[in-house]
Amino acid sequence: MDSIPGRRARWMMACPTLHFVNRNNLINNLIVNAAAAHCWAQSTDSSWDFQGKLERGLILGMSQRAAELRQRILELTAEYFAEAFPESKFTPGESVVPVSGKVIDAADLQAVVDSAMDCWFTTGRFAKEFERKLARFVGVRSASLVNSGSSANLVAVSALTSPKLGERRLKPGDEVITVAAGFPTTVNPIIQNRLVPVFVDVSLPTYEVDIAELHKALSPKTRAIVIAHTLGNVFNVEAVAAFAKQHQLWLIEDCCDALGSTLNGRMVGTFGDIATISFYPAHHITMGEGGAVLTDKPALQVLIESFRDWGRDCWCEPGKDNTCGKRFEWQLGDLPSGYDHKYTYSHIGYNLKATDMQAALGLSQLDKLPHFIERRKENFRYLRRALEPLADLLLLPEATPGADPSWFGFPIGVREDSPLTRDELIRRLEDNKIGTRLLFAGNLVRQPAYADTEYRVVGDLANSDFVMRNVFWVGVFPGLTTSMLDHIAQVLTDATLRKPSVLPVLQP
């Protein structure tokens, strides 16, 4: 359980400052010089159909020497990884137990370097392959890569405002049901599109939307539901989807914390009209920064990619022209007939694409995703069993009935009759070098950012206030070992039962 079988892997919150020895300087110079020569050769060859060959996964026309250097660079990259990021010993109370982090191995670094040596840099062959494999993993028709999970949410909501949706488009003043105990960028796109969030409460200890509140939130202005699966647990998305269908509402599933979670055997991200995912380093897989927007509806995919790609009406891939076969034959808006379709814009969009280096890392990580998911489940179960004796004082998390969560974190609520407060418990953990996080924004309506924002509240949001005052979470990500989990459980037990600190005695 302490390492990924057969691989040299590391968890990292950030790369340390590295002091290179002469050998590492030599490796760096080889990489820079070889890549520069390769890129120059391709950029000066006017006959090089680079994008076309990238799409077929081939890099042709390269000299034998360049091909050999490329292979050697990748071999040296693996050597460099082993030298630069050796395994470290864990010492309770001295070593950090991070709340989250990326798990990276040599193959991941090689993938990034391999992509860089293509000299393409923007969205390309790695992005296209990543989108295909991600969609297949989740079980949807399309996955559109973007530069973050927050951008994914922005694109998802914005796509539903398209005039091309006719009477079903979201318009300013329309209401969107969401939860108060959540992350800001689940809700912010609602506000940014001049829609009105309607906040409902969550249930404890699942931390998911209270289904009973949906009926209370419904009004003649309600047009959509945007809810996240909290910390990898699954809200009752079957019931929410049925409610949305009954009332002809759009449903967006924010799956940024829940990639790989299922409800009754069905993957999250497949129940709603659109779903979103994040690939920030804290999440289930990483590409540094990154996200994706998923849908089963081809018409929505076109809108999603339009808003992602400057709002253009054209759907050609980067580097491609005239996919529609009538590039100079369109007449849209008040433009003259035949205006270049590549420069015709049907939406007020953004540029939210990811780079091919990000996609290459994500593609390598995707191969390890099933293992990462299983490790998260194992770590959650281990911690849940270890903390069960504290259930009278701490509110321990429970999965939604029928759910098999790919847990993002382990939420803990400090009960009102506990002998210590949430903040005291957090300080005890942090003093013992155990990372903690609050459950995101707590109750969003208490946050200063929303003081002058138009919204509607259903009920008193009592559970969201409990989350704000009493709840935090610790990590379960794949980089945590059994020794680290034991340390978390021991400190929580000692602190909750008011035992002396387990901090080591420091010598003067």
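If you read the sequence from its start, that first residue is 1, and numbering goes on from there. Every value quoted in this text rests on a predicted model; they were computed, and no experiment measured them.
For W473 and F408, the ring centers sit closer than 6.0 Å to each other. Ring-centre distance between F372 and H284: not below the 6.0 Å cut-off.
V97 has its side chain within reach of F90: a pair of non-hydrogen atoms, C-beta onward, lies under 4.5 Å apart. Considering only heavy atoms from C-beta on, V202 stays 4.5 Å or farther from V209 through its side chain. The closest side-chain heavy-atom distance from Q301 to S144 is below 4.5 Å. The shortest side-chain heavy-atom distance between F472 and I412 falls under the 4.5 Å cut-off. When side chains are defined from C-beta on, V476 does not count as touching Y382, because their heavy atoms never get closer than 4.5 Å. Residues L109 and Y80 meet the side-chain proximity criterion, which asks for heavy atoms closer than 4.5 Å.
Of the residues listed (K377, R266, R381), the one engaging D404 in a salt bridge (charged side-chain N to carboxylate O under 4.0 Å, His left out) is K377, and it is the only one. Each of V234, V138, L259 was checked for a side-chain contact (heavy atoms from CB on, under 4.5 Å) with V268, and the lone residue meeting it is V234.
For L352, the side chain to side chain contact (heavy atoms under 4.5 Å, CB included) partners at least two apart in sequence or on another chain are N147, S151, L154, V155, R308, Y350.
Salt-bridge formation is detected for the pair R125/D118: a Lys NZ or Arg NE/NH1/NH2 atom is positioned less than 4.0 Å from an Asp or Glu carboxylate oxygen. At a threshold of 4.0 Å, the pair K368-D108 counts as salt-bridged, since one of the basic side-chain nitrogens sits closer than that to a carboxylate oxygen. Here R72 pairs with E75 in a salt bridge; the nearest charged N to carboxylate O distance falls below 4.0 Å. Of the charged side-chain nitrogens involved, none lies within less than 4.0 Å of a carboxylate oxygen, so that K102 and E289 do not count as a salt-bridged pair. Between K128 and E131, no side-chain nitrogen of the basic residue sits less than 4.0 Å from a carboxylate oxygen of the acidic one, so the salt-bridge criterion is not met. Note on R428 versus D494: no salt bridge recorded, every NZ/NE/NH1/NH2 to OD/OE distance being 4.0 Å or above.
Relative orientation of the F85 and F81 rings is tilted, given thresholds of 30° and 60° on the angle between their planes. In this pair, F183 and F440 present their aromatic rings perpendicular. The plane angle is above 60°, beyond the 30 to 60° band.
Note that CD1 of I426 and CZ of R422 are 5.0 Å apart. Values are rounded to the nearest 0.5 Å.
Looking at T161, its side chain does come within 3.5 Å of a backbone N or O of S158 through a donor-acceptor pair. At distances below 3.5 Å, not a single donor-acceptor pair connects side-chain atoms of D257 with backbone N or O atoms of G232. Under the 3.5 Å distance criterion, the side-chain polar atoms of T295 are matched with a main-chain donor or acceptor of D273. In this structure, the side chain of T206 does not engage the main chain of T400 through any donor-acceptor pair within 3.5 Å. Under a 3.5 Å cut-off, the side chain of H487 and the backbone N or O of N432 do form a donor-acceptor pair. Judged by distance alone, with hydrogens and angles left aside, the side-chain atoms of Q110 form a donor-acceptor pair with the main-chain N or O of L74 at under 3.5 Å. Not a single donor-acceptor pair under 3.5 Å links the side chain of D356 to the backbone N or O of T123.
Using a 3.5 Å distance cut-off with no hydrogens or angles, the side chains of D254 and N153 do pair a donor with an acceptor.
Residue pairs that meet the ring-ring contact (aromatic ring centres under 6.0 Å, His included) test with at least one member in residues 287-313, sequence neighbours left out, are F307-H347.
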| request: For F130 and F279, run ring-ring contact (aromatic ring centres under 6.0 Å, His included): C-alpha distance rounded to whole Å, both residues' side-chain angles, the deciding distance at 0.1 Å, then the answer. | output: CA-CA 12 Å; F130 178 82; F279 306 120; 5.3 Å; yes

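Cation-pi geometry between R384 and F410 is not met: the NZ or CZ atom fails to fall both under 6.0 Å from the ring centre and inside 45° of the normal.
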